[in-house]
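What follows is a single structure, written as structure tokens, with notes after it.
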Amino acid sequence: KGKMKLYYFPVEGRAEIIKSILRRFKIDFEFVGVTHEEWAKLKETEKFDFKQMPGLELPSGQMLVQTPAIMEYLGTICKTIPDDPLKRYEITWWYAGCEDLMAKIVKFSYDNPPPEYVKELVDKYEKVHIPHYLSAFERKIAKLENKDYLVGGVLTNADFWLTGYWKMWTKLYAKSVGHMFEEQLKSYPLLSAYLEKKFKE
């Protein structure tokens with residue numbers, strides 16, 4: 001009884017991945033949008049392990065943290081994580097690829113490097129990193145018999161990973177690299193078709 005509470009900043013960040021699976025399976029939850037001022041106080045408590053969000057508080061009061069761990073929990077109860085080890089590998093493949101590409105954005109988003117270094121990083125991101133990963137995603141989808149889902153022809157956590165990260169890349173980082181993703185997506189028809197269908201569901 002009771003509802004889960006999802007804590008995160010009021011932006012389209014990592015919490016969107018968690019929101020998407022909660023909404024898809026109609027799991028009752030409350031989103032708690034935390035301001036930076038509120039977070040400064042909250043993270044000094046013992047409520048959040050590692051002093052990081054998102055955090056998913058269960059009705060019992062237990063706080064789950066770390067997005068992959070939260071998704072493992074939700075995927076287990078929603079049955080979007082199969083038993084087959086190779087299919088589980090495929091799900092992790094999608095997560096790891098998305099997270100690798102995400103990590104490269106952080107270099108020029110949060111570390112406050114010099115402007116000339118930022119330009120160099122952004123240029124490399126546009127010309128090297130985005131096509132490198134999107135082409136890998138395109139090749140992976142090309143091998144699928146059922147291209148409506150990323151693993152095994154059924155809804156799995158992989159679908160939530162890719163669509164959730166795509167929202168972050170194009171919305172949260174709209175001013176820096178979002179337009180690059182939108183523009184380059186035109187060169188990857190299978191990936192584009194997959195995302196278009198998923199965002200209409």
Side-chain angles (χ1 to χ4, degrees), residues 1-81 88 91-113 118 121-122 125 129 133 150 155-178 181 195 198-199:
K1 293 182 179 180
K3 63 173 65 175
M4 298 180 182
K5 292 183 179 180
L6 177 60
Y7 292 79
Y8 198 65
F9 300 112
V11 297
E12 292 185 282
R14 293 181 184 274
E16 295 304 308
I17 301 167
I18 301 167
K19 285 181 185 177
S20 63
I21 190 170
L22 291 171
R23 288 169 175 160
R24 181 62 180 261
F25 288 92
K26 296 179 171 59
I27 297 174
D28 194 19
F29 77 99
E30 174 188 351
F31 177 68
V32 182
V34 181
T35 66
H36 287 282
E37 291 76 16
E38 290 169 335
W39 178 237
K41 298 177 182 177
L42 264 179
K43 71 178 181 180
E44 295 308 317
T45 69
E46 296 183 357
K47 193 175 183 73
F48 297 84
D49 297 336
F50 309 113
K51 302 183 185 298
Q52 294 176 341
M53 292 191 294
L56 183 66
E57 187 174 16
L58 304 182
S60 65
Q62 181 179 356
M63 180 69 75
L64 309 184
V65 298
Q66 297 288 7
T67 306
I70 294 170
M71 289 297 291
E72 181 82 11
Y73 169 77
L74 293 174
T76 300
I77 65 175
C78 294
K79 303 187 185 308
T80 53
I81 299 178
R88 294 173 75 101
I91 292 172
T92 303
W93 184 97
W94 282 101
Y95 161 70
C98 290
E99 181 59 24
D100 277 356
L101 186 51
M102 183 72 178
K104 297 182 190 309
I105 298 179
V106 174
K107 287 184 179 180
F108 56 82
S109 296
Y110 297 120
D111 293 347
N112 296 315
V118 171
L121 288 174
V122 171
Y125 200 81
H129 298 315
Y133 284 89
L150 297 177
L155 182 67
T156 68
N157 273 21
D159 299 293
F160 296 113
W161 284 127
L162 180 57
T163 54
Y165 273 98
W166 192 266
K167 284 182 182 179
M168 281 193 282
W169 295 329
T170 57
K171 304 295 184 183
L172 184 61
Y173 297 101
K175 293 182 179 180
S176 55
V177 299
F181 281 91
L195 289 169
K198 278 288 169 282
F199 286 132

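In this text, all values refer to a predicted model and were calculated from it rather than measured experimentally.
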Pairwise distance [atom1]([X]) to [atom2]([Y]) - rounded to 0.5 angstrom:
X: E99; Y: W161; atom1: CD; atom2: CH2; result: 8.0 Å
X: D159; Y: I91; atom1: CG; atom2: CD1; result: 8.5 Å
X: T170; Y: Y165; atom1: OG1; atom2: OH; result: 14.0 Å
X: I105; Y: L121; atom1: CD1; atom2: CG; result: 12.0 Å
X: M168; Y: C98; atom1: CE; atom2: SG; result: 8.0 Å
X: F160; Y: I17; atom1: CZ; atom2: CD1; result: 11.0 Å

For residues [X] and [Y], determine if any side-chain heavy atom of one lies less than 4.5 Å from a side-chain heavy atom of the other.
X: P54; Y: L6; result: yes
X: E16; Y: L172; result: no
X: K167; Y: F199; result: yes
X: K3; Y: P59; result: no

In residues 61-79, what donor-acceptor pairs under 3.5 Å come from side-chain atoms, sequence neighbours left out?
unit_1: Q66; atom_1: NE2; unit_2: Q52; atom_2: OE1; d: 3.3
unit_1: E72; atom_1: OE2; unit_2: R88; atom_2: NH2; d: 3.2
unit_1: T76; atom_1: OG1; unit_2: E72; atom_2: O; d: 2.7

Next on the checklist: Apply side-chain contact (heavy atoms from CB on, under 4.5 Å) to residues F48 and K43 and explain how you reach the verdict.
Outcome noted: CA-CA 7 Å; F48 297 84; K43 71 178 181 180; over 6 Å; no
Item to check | Stepwise side-chain contact (heavy atoms from CB on, under 4.5 Å) test for T80 and F25 | outcome: CA-CA 10 Å; T80 53; F25 288 92; 3.5 Å; yes
Item to check | Y125/W169 aromatic ring centres below 6.0 Å | outcome: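 For Y125 and W169, the ring centres are not under 6.0 Å apart.
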Checklist entry - Does the ring centre of Y173 sit less than 6.0 Å away from the ring centre of F181? => result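 No; Y173 has its ring centre 6.0 Å or more from that of F181.
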Next on the checklist: Quick check: closest heavy atoms across V34 and W39, and the distance to 0.1 Å?
Outcome noted: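 That closest heavy-atom pairing would be CG1-N, 3.6 Å.
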Item to check | All salt bridge (Lys or Arg N to Asp or Glu O under 4.0 Å) counterparts of K198, not counting sequence neighbours | outcome: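 K198 satisfies salt bridge (Lys or Arg N to Asp or Glu O under 4.0 Å) with E201 only.
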Next on the checklist: Applying side-chain contact (heavy atoms from CB on, under 4.5 Å), can you list everything that pairs with E46, at least two apart in sequence or on another chain?
Outcome noted: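 E46 satisfies side-chain contact (heavy atoms from CB on, under 4.5 Å) with no other residue.
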